[in-house]
Every structure is written in structure tokens, then in C-alpha cells.
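The figures that follow rest on heavy atoms only: side chains count, while hydrogens, waters and symmetry mates do not. Quick caveat: nothing in here was measured; it's all calculated off a predicted structure.
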Amino acid sequence: MRVEIWTDINCPFCYLGKRRFEEALADFPDRAAVEVVHRSFELDPGLPADETGPVIAKIARKYGISEAHAAANERGIGAQAAQLGLPYLTDGRDYGNSFDMHRLLHFAREQGRQEALLDALYRANFAETEHLFGDTERLVGVAVAAGFDETEVRAVLADPAAYADAVRTDEREAAELGATGVPFFVFDNKYGVSGAQPSAVFTQALEQAWSEREPAVQLLAEGDACGPDGCALN
């Protein structure tokens, strides 16, 4: 069974939602048969590549609220993160264009290590004081610290076309599914869950999708046959 998760590195609820989903998956009896794929979604795809700045001021402008209100919202998210055992900086974070990060995540997926890079990017954005966005050297450092080859990482970042189509395909599929925000989870191409839901909601989705999955082959008849233990004798 496949679970696809659309996220953006800028999104704090993606950070929380990933942990809540992982809690549900850890308790799922058939977790070894679940393939998790992380897909790309940009919260602000039109943001210039070189634009960055304080998150709290950005939130205040975007939603037309005071910076004090925006800061209070950040503290509320921080409290939720603490309940999940996740570090979260409630002040001093930055925002920026995440397209290159999504390209690197597709590169990491090809190497079978997408989860490692995603966790490293979340940690760099939400838990570390050094700014992440708009700094290629910082991005390279995060990827290398996560175990990726520096030369290969730099090659991806130096080529604007590398994995760009894969990112756009993910974003197009999200739109076709009706996803207008993230995190957005799709279970076995059948059930969708939007937002950083409680772990119990993800447990229910896993169980329902698993119970309704179809076998690869529909068996029409069954008779005498041989197997690893030998052949059935009448």
C-alpha cells in the first residue's frame, strides 16, 4: 500500500503532520508493507528565489494581523510541537522559495533516502537558528550533513532543470486532487486526509485503505498445486 504526502518545507503543520502520521504508522501492524512517498507542494510558488525575511512579519502581512498576533500563533504551534517531542523555534525563523529543496528531495528519492533529507530540511528550518532560505551554501551543508555527496548536491542545484519537471508534476497532481494546502495525504490512491490531523485519524485511514486494498491477481479457481512444502496428495 502506498501513502503519498504532499508537503512544503515552509509549512509548520507539515512538520507536525509528519510526526503524527509516523506515530500512527509505527503502531500499524502491516507497516512493513506501506510505502511512503513525499511529494512536492510550494505554498508560494511565485516567490522570487532571492526573497527571504522573518517569518513572523511575513505571516502578519499575509493574513492582515499584528506581529504580536502572529508571534502568538507561532508560540501555539511551538506548544503543539513540544507535545510531539519536536524542537521548534518560535522566533527568528525565515521564509523563502523552496523549489530547489523540492528538487533535491526528488534527487534523494532516486537514491532511496528521501526521508533522511526531508527530516534534515525540517530540522534546519524549524529547529536550528541558522537561516535556511536564500543561501545555497547552507542548503548544501544541510544535505551533506544528512549523508549526501557534496558534488552531486551541487550539480543538482547548479542545473535549474534538474528534477524541475518532477516537482511541477507533483504540484499538478496535487491540484488535480483538489489539494489547496498541505500537508495532504493520499492513502492507496483512494482516500485523502488534509492537514496535520491527530494520529488517530491517520490510524483510521491506514486501516480503512488496507482493508479495502485489492489483490494483485483475482483468483478465479483453485485446485491441486505444489508449494514450498511440497505437493498436496489426495
Inset, instruction - Might you work through the salt bridge (charged side-chain N to carboxylate O under 4.0 Å, His left out) test for E23 and R19, ending with a clear yes or no? - result: CA-CA 6 Å; E23 290 180 344; R19 175 58 61 88; 5.6 Å; no
Between the side chains of [X] and [Y], does any donor sit under 3.5 Å from an acceptor?
| X | Y | answer |
| --- | --- | --- |
| H106 | D170 | yes |
| E42 | H102 | no |
| Y163 | R109 | no |
| Q80 | R20 | yes |

Would you mind reporting whether [Y] and [X] have side-chain heavy atoms less than 4.5 Å apart?
| X | Y | value |
| --- | --- | --- |
| D94 | N125 | yes |
| E171 | E176 | no |
| F99 | P45 | no |
| V55 | D91 | no |
| E35 | M1 | no |
| E22 | E115 | yes |
| K18 | D119 | yes |
| I5 | V3 | yes |

Inset, instruction - Mind running salt bridge (charged side-chain N to carboxylate O under 4.0 Å, His left out) on E67 and K58 for me, showing each step along the way? - result: CA-CA 9 Å; E67 289 196 17; K58 171 75 169 179; over 6 Å; no
Exceeds 12 heavy-atom contacts within 6.0 angstrom, atom [atom1] of [X]:
| X | atom1 | answer |
| --- | --- | --- |
| N189 | CG | no |
| K62 | NZ | no |
| Q204 | CD | no |
| D165 | CG | no |

How close do [X] and [Y] get, counting heavy atoms only, and between which atoms?
| X | Y | result |
| --- | --- | --- |
| G92 | H131 | O-NE2, 3.0 Å |
| S199 | A24 | O-CB, 3.5 Å |
| A81 | Y88 | CB-CB, 3.7 Å |
| R138 | L132 | CG-CA, 3.9 Å |
| A146 | A120 | CB-CB, 3.8 Å |
| A60 | A70 | N-CB, 4.1 Å |

When rounded to the nearest 0.5 angstrom, what is the spacing between [atom1] in [X] and [atom2] in [Y]?
| X | Y | atom1 | atom2 | answer |
| --- | --- | --- | --- | --- |
| F184 | W6 | CZ | CH2 | 7.5 Å |
| T203 | Q208 | OG1 | CD | 12.5 Å |
| E4 | R39 | CD | CZ | 4.5 Å |
| F133 | R93 | CZ | CZ | 8.5 Å |
| Y122 | I9 | OH | CD1 | 5.0 Å |
| R103 | S40 | CZ | OG | 11.0 Å |

Indicate yes or no for a side-chain donor-acceptor contact from [X] to the backbone of [Y] under 3.5 Å, with no hydrogens or angles considered.
| X | Y | answer |
| --- | --- | --- |
| N97 | L47 | yes |
| S98 | M101 | no |
| D8 | L43 | yes |
| Q197 | S194 | yes |
| D30 | A33 | no |
| R2 | D188 | no |
| D50 | G134 | no |

Please determine whether residues [X] and [Y] belong to a single hydrophobic cluster, defined as Ile, Leu, Val, Met, Phe, Trp and Tyr linked transitively by side-chain heavy-atom distances below 4.5 Å.
| X | Y | answer |
| --- | --- | --- |
| L25 | L84 | no |
| V182 | L177 | yes |
| L206 | V186 | no |
| Y15 | V201 | no |
| W210 | Y191 | yes |

Legend entry - Proximity of F185 and F21 rings by center, below 6.0 Å: yes
Inset, instruction - Test V140 against every option in L104, D135, V156, L157 by the side chain to side chain contact (heavy atoms under 4.5 Å, CB included) rule and name the one that passes. - result: L157
Inset, instruction - Go through the steps for E173 and R168 under the test side chain to side chain contact (heavy atoms under 4.5 Å, CB included), then give the verdict. - result: CA-CA 9 Å; E173 289 185 15; R168 296 305 185 206; over 6 Å; no
Inset, instruction - For the pair T90 and I77, evaluate side chain to side chain contact (heavy atoms under 4.5 Å, CB included) and give the outcome as yes or no after the intermediate values. - result: CA-CA 8 Å; T90 59; I77 297 173; over 6 Å; no
Inset, instruction - Find out whether the Lys NZ or Arg CZ of R113 is both under 6.0 angstrom from the six-membered ring centre of F148 and within 45° of the ring's axis. - result: yes
